[in-house]
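To start, the structure under review is shown below, and the notes come after it.
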Amino acid sequence: MTLHPEVLWAQRSSESDDSKNILYVTVNLPDIKPETLQYELTASHISFKAKAGDASKGIEEKDYEFAFDLFEDVVPEESSKSLTSRAFKLLIRKKERKAEYWPRLTKEKIRNQFIKTDFSKWVDEDEQEGDTAPVDEDFDMGGMGMPGMGGMPGMGGMPGMGGMPGGMDLDAMLKSMGGGAGGPDDAGPSGLDADDDSDDDGPPPLEDAEPKA
């Protein structure tokens with residue numbers, strides 16, 4: 001029986017910078033057998049097929065595959081791939097430059113249980129200005145959105161609070177910390193807050209679509 005592997009995805013968008021107009025797609029499947037890997041990316045379609053497992057670890061080898069049309073066209077020749085022991089990672093260049101995010105990864109508005117938002121790389125569309133990490137260098141940078149957590153680096157000044165008895169104004173201190181203290185909640189990848197179930201964290205149409213017949 002052929003199974004669907006878990007597919008995680010995130011994206012960036014830009015009207016002027018191709019390097020920031022991309023899709024992160026991760027086939028979250030450990031122990032892929034390289035000799036069985038069949039992957040094809042065209043301007044409008046993606047397909048994957050492989051065996052995965054490790055008998056030496058007691059993990060049964062199984063067949064995995066998926067194929068679907070992408071929401072819009074991409075540029076295969078400017079896209080990259082990387083196979084590790086834990087996953088098959090893709091960095092796919094969108095063809096059209098525009099500020100708006102894709103509402104979903106697939107062309108069809110259907111529910112695919114195996115396609116999920118990659119919250120480790122997701123940054124909301126209106127928070128991309130804070131995402132300063134290089135997007136082309138390392139597919140394994142799970143914290144791609146972390147630079148958007150603007151206030152965190154400033155927290156390094158906290159040890160200086162030892163000077164408070166020397167006359168630091170408490171109100172002034174709290175006021176100056178205000179921006180930093182709110183940083184982790186207001187920026188960075190959505191979904192870091194476990195209590196936030198808002199559809200804004202990922203592509204809404206995948207949540208709202210009717211189940212595939």
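Note that these values count all heavy atoms, side chains included, but never hydrogens, waters or copies made by symmetry. In this text, all values refer to a predicted model and were calculated from it rather than measured experimentally.
In this structure, D69 has no salt bridge (charged side-chain N to carboxylate O under 4.0 Å, His left out) partners at least two apart in sequence or on a different chain. The side chain to side chain contact (heavy atoms under 4.5 Å, CB included) test applied to S16 returns S14, not counting sequence neighbours. Remark: S79 engages no residue in a side chain to side chain donor-acceptor pair (under 3.5 Å) (not counting sequence neighbours). The side chain to side chain contact (heavy atoms under 4.5 Å, CB included) search around E100 returns K98, E125, not counting sequence neighbours. Under the rule for a ring-ring contact (aromatic ring centres under 6.0 Å, His included), Y64 has no partner lying at least two apart in sequence or in another chain. With sequence neighbours excluded, no residue satisfies salt bridge (charged side-chain N to carboxylate O under 4.0 Å, His left out) with E65. Applying the side chain to side chain contact (heavy atoms under 4.5 Å, CB included) rule to F71 yields the partners W102, P103, R104; only residues at least two apart in sequence or on another chain are considered. In this structure, H45 has no ring-ring contact (aromatic ring centres under 6.0 Å, His included) partners at least two apart in sequence or on a different chain. In terms of the side chain to side chain donor-acceptor pair (under 3.5 Å) criterion, residue partners of D54 (sequence neighbours excluded) are, by chain and number, S56.
We find that K95 and E72 are not joined by a salt bridge, their nearest charged nitrogen and carboxylate oxygen being 4.0 Å or further apart. The existence of a salt bridge linking R93 and D18 is excluded, since no basic side-chain nitrogen approaches an acidic carboxylate oxygen closer than 4.0 Å.
None of I22, L105, V25 except one satisfies the side-chain contact (heavy atoms from CB on, under 4.5 Å) rule with I92; the exception is V25.
A donor atom on one side chain and an acceptor atom on the other are found under 3.5 Å apart for Q11 and K94.
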Throw together a table of side-chain donor-acceptor distances under 3.5 angstrom for residues 29-41, partners on residues two or more places apart or in other chains.
residue	atom	partner	partner atom	Å
K33	NZ	G53	O	3.3
T36	OG1	K33	O	2.8
T36	OG1	K51	N	2.9

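In this structure, the separation between CZ on F68 and CG on N112 is 7.5 Å, given to the nearest 0.5 Å. Atom-to-atom distance recorded for L3:CG and D63:CG is 8.0 Å, nearest 0.5 angstrom.
Using modelled atom types, one side-chain atom of D17 and one backbone atom of S19 make a donor-acceptor pair closer than 3.5 Å.
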